[in-house]
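Whatever order the structure lists them in is the order used to number ligands and atoms, beginning at 1.
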Amino acid sequence: MTIKRRKFIQQSVAGTAMASTGLWACQPATNDEIPAAVVPQSSGTMPLVIATWDNFEATQAAAKVLEKGGSALDAVEAGARVPEADPNDLSVGLGGLPDIKGVVTLDACIMDDLGNAGAVCFLQGIKHPISVARKVMEQTSHVMLSGQGALEFALEQGFVEENLLTVSSKKHWEEWLKDQKPFGETNFENHDTIGILALDAQGNISGACTTSGMAFKLHGRVGDSPIIGAGMYVDNEVGGACATGVGEYVMKTLGSFLIVELMRQGKSPQEACEEAIKRIVKRQPKLYREYEVGYLAINKSGVYGAYGTEKGFEYTLYQDGENNKYPAEHFLKS
Ligand code: ASP
């Protein structure tokens, strides 16, 4: 494995560059000078797991980790792996709908309570991109690997390459090829992401996000889901947020980062999700009606929020020992 050596070289080069530009001559600010986050007191409880859409088995798998005293990081990875392995889930991992060329390409990211992050995008042939993203976070000095490089890294790490295009997802693609409706205009479920956030019994937050992206997208398209701050973001001082829906809108407003920063300023998770959706409405005054986005957020006190552009966005919540699906509030009232 060459990664350790590369890490050393990168650190040395970075160190030399900083020394020669005199950057190290500046005194860093101390932690005391950085303003503390405003985290509202509330009545939420921990542990807590929340996931986009009807992902009951995913939140259950995550809750199982937390109930045994496991970390939020292990919980979100365990949760995300459930739909990734499900061939009947058309928008995540194995069985995900392919791109315009019939190729299944996967995006995922993960963040822990220390602010570490890992991601993969345009990954092909590996069923569990979330676990590859975690390896990127833990085994390299990078945040994101893409395409062939991500695949080679995954294989080095012991992941097994397999065909992710199931008979059913191939059939959907062949149907779509017949009339090639533009991006977003298909009737059946043509996108969705599992974003999952957990708060463990120690009060630490982690998040994960994984998807096969928009169905029949252009070959090479990467959405919001692997982008730290867009598809998902965690700041353990404040809370976490994740997104589902048309990634282009989420990326253009850096939705998950925005939500966490709004919570830092004192907004509740619900208020922060609503404001992030309103930001999309403002930036895309016409298009937001056609293409859905949904956000989830949690804070350090175990309070959560959920909001979508339109009716239909739902989430699964595990809290106080109960695991249930709920409809989210939404901007468009009709
Ligand atoms: N956010 C995903 C993407 O744009 C798709 C989705 O969640 O619907 O790739």
Original post:
Relative to the heavy atoms of T193, which atoms of ligand 1 are at a distance of less than 4.0 Å?
Top reply: 1 (N), 2 (C), 5 (C), 6 (C), 7 (O)
**OP:** May I have all residue pairs that pass ring pair (Phe, Tyr, Trp, His ring centres under 6.0 Å) and include part of residues 248-278, sequence neighbours excluded?
**Re:** Y233-F257
Original post:
Is the shortest N/O to N/O distance between G213 and ligand 1 below 3.5 Å?
Top reply: no
Subject >> Residue S225 vicinity, atoms of ligand 1 by number, heavy atom under 4.0 Å >> reply: 1 (N), 2 (C)
Original post:
Going by atom types alone, do E275 and Y295 pair a side-chain donor with an acceptor below 3.5 Å?
Top reply: no
Original post:
E248 to ligand 1: N or O pair under 3.5 Å?
Top reply: no
Original post:
Pick from Q124, R221, K217, H219: which one makes a side chain to side chain donor-acceptor pair (under 3.5 Å) with D99?
Top reply: H219
**OP:** Could you tell me which atoms of ligand 1, counted from 1 in the order shown, lie closer than 4.0 angstrom to a heavy atom of D224?
**Re:** 1 (N), 2 (C), 3 (C), 4 (O)
**OP:** Check whether any N or O atom of G247, backbone or side chain, sits under 3.5 Å from an N or O atom of ligand 1, and answer yes or no.
**Re:** yes
Original post:
Do D112 and S206 have side-chain N/O donor and acceptor atoms under 3.5 Å apart?
Top reply: no
Original post:
With distance as the sole criterion, is a donor-acceptor pair present between the side chains of T105 and D107 under 3.5 Å?
Top reply: no
**OP:** Among residues two or more places apart or on two chains, list those pairs meeting ring pair (Phe, Tyr, Trp, His ring centres under 6.0 Å) that have a residue in residues 68-89.
**Re:** none
Subject >> Residue pair E261 / Q265, side-chain donor-acceptor N/O under 3.5 Å >> reply: no
**OP:** Could you tell me whether E292 approaches ligand 1 through its side chain, its backbone, both or neither, with non-hydrogen atoms closer than 4.0 Å?
**Re:** neither
**OP:** Using a strict 4.0 Å cut-off to heavy atoms of D192, name the atoms of ligand 1 that fall inside it.
**Re:** 6 (C), 7 (O), 8 (O)
Original post:
What do you reckon, does T244 have a nitrogen or oxygen under 3.5 Å from a nitrogen or oxygen of ligand 1?
Top reply: yes
